[in-house]
Protein chains: 2
Amino acid sequence: MKTKKYDELKLHYKIWFTDQNEKGILGDGKWKILKAIDETGSLTSACEKLEITYRRTWNDLKAIEEQLGFALLEKSRGGAEGGSTSLTPEGKKLIRAFDDFHEKMDVIMQQHFTELKKTLISND
Amino acid sequence: MKTKKYDELKLHYKIWFTDQNEKGILGDGKWKILKAIDETGSLTSACEKLEITYRRTWNDLKAIEEQLGFALLEKSRGGAEGGSTSLTPEGKKLIRAFDDFHEKMDVIMQQHFTELKKTLISND
DNA sequence: ATCCGATATGAACAATCAAACATAACCAAT
DNA sequence: ATTGGTTATGTTTGATTGTTCATATCGGAT
């Protein structure tokens with residue numbers, strides 16, 4: 001009975017960065033947004049893709065740039081296309097680093113999680 | 001400037017378990033409560049210690065036991081002491097496993113985080 | 001039998017956070 | 001100068017979640 005329950009357990013985790021004062025800077029949510037912007041070329045389409053609201057997203061992005069003190073985004077308004085948003089080199093570097101971090105953590109976490117489940121299921 | 005900001009970054013993370021249906025079972029919050037109960041011997045004092053409300057905590061604990069389908073807590077009411085709450089062996093085992101998991105992750109995360117910061121600060 | 005301190009539980013209230021709605025500003029292309 | 005699609009922003013509404021308050025239940029010790 002117990003064994004069965006433990007076996008059904010799924011692992012989740014979240015990573016985020018703050019400044020020394022615990023104010024949030026970058027987390028999984030913003031990370032996904034930045035990636036989506038990089039892929040789609042605009043904030044609007046990024047939001048549609050992720051199915052999140054433009055308003056909220058815009059707030060988040062404003063916050064992150066204020067926190068960091070330098071630009072991650074290159075934004076333009078107007079024109080035939082209406083405008084666009086893309087990542088600065090600094091922004092690309094940041095999400096690449098975060099990608100990397102996540103990839104490594106995914107592997108390691110799963111390994112240890114499997115171990116943990118074994119421990120729980122065993123009877124010592 | 002950038003260098004300085006990245007240098008001030010702090011890492012945070014959260015781990016939690018769900019069932020296959022994504023319903024939360026155990027996370028950092030409940031883990032801390034269980035630990036505090038183990039240390040203090042009662043729900044009331046655990047709440048005081050953690051500075052959280054009894055009401056909320058009680059709800060959380062009820063939920064976790066319902067989810068898991070077996071008891072983590074041994075509760076008694078009445079008596080000169082008013083009552084008490086302690087962990088069952090199964091409960092102790094669970095938090096020990098979670099402790100262990102966190103300890104390992106703390107180390108590994110910090111290692112990789114240090115690496116990540118180095119990457120960000122460097123100029124390639 | 002009474003008391004005390006803890007568990008147990010309902011209900012009202014407050015606060016926080018996200019979604020939805022509305023509207024303005026922008027500007028290359030036509 | 002009109003158009004169109006996007007960025008930019010304020011305001012309002014709604015949902016979710018935690019806090020507070022109130023009250024009942026329990027039972028060993030005295």
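So that the names make sense, note that chain A is the first sequence line, chain B the second, and so on, each numbered from 1. In this text, all values refer to a predicted model and were calculated from it rather than measured experimentally.
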[atom1] of [X] versus [atom2] of [N]: gap in Å, rounded?
X	N	atom1	atom2	value
L73(B)	dA6(C)	CG	C1'	14 Å
R55(A)	dT9(D)	CZ	C1'	5 Å
Y54(B)	dG10(C)	OH	P	13 Å
I33(A)	dT7(D)	CD1	C1'	15 Å
N59(B)	dA11(C)	CG	P	13 Å

Upstream residue (5' side of DNA chain D) when G79(B) and K62(A) are each assigned their closest nucleotide: K62(A)
Within the 6.0 Å centroid threshold, strictly below: Y6(A) and F70(B): yes
Interatomic distance, L61(A) atom CG to I37(A) atom CD1 [nearest 0.5 angstrom]: 5.0 Å
Aromatic ring pairing H102(B)/W31(B), orientation class (parallel under 30°, perpendicular over 60°, tilted between): parallel
Ring geometry between F101(A) and F113(B) (parallel below 30°, tilted from 30 to 60°, perpendicular above 60°): perpendicular
Contacting residues from residues 43-51 of chain B, given that a heavy atom lies under 4.0 angstrom of DNA chain C: L43(B), T44(B)
side-chain N/O S84(A) vs dT6(D) OP1/OP2, d < 4.0 Å: no
K10(A) atom NZ: more than 12 heavy-atom contacts under 6.0 Å: yes
Within 6.0 Å of NZ in K117(A), more than 12 heavy atoms from elsewhere: yes
Starting the side chain at C-beta, find the nucleotide from [options] nearest to [X].
X	options	value
T85(B)	dG10(D), dT9(C), dT7(C)	dT7(C)
K75(A)	dT7(D), dC21(C), dA6(C)	dT7(D)
W58(A)	dC26(D), dA8(D), dT20(D)	dA8(D)

First encountered from the 5' end of DNA chain C, between R56(A) and R77(A): R56(A)
R56(B)/D60(B) salt bridge by N-O under 4.0 Å criterion: yes
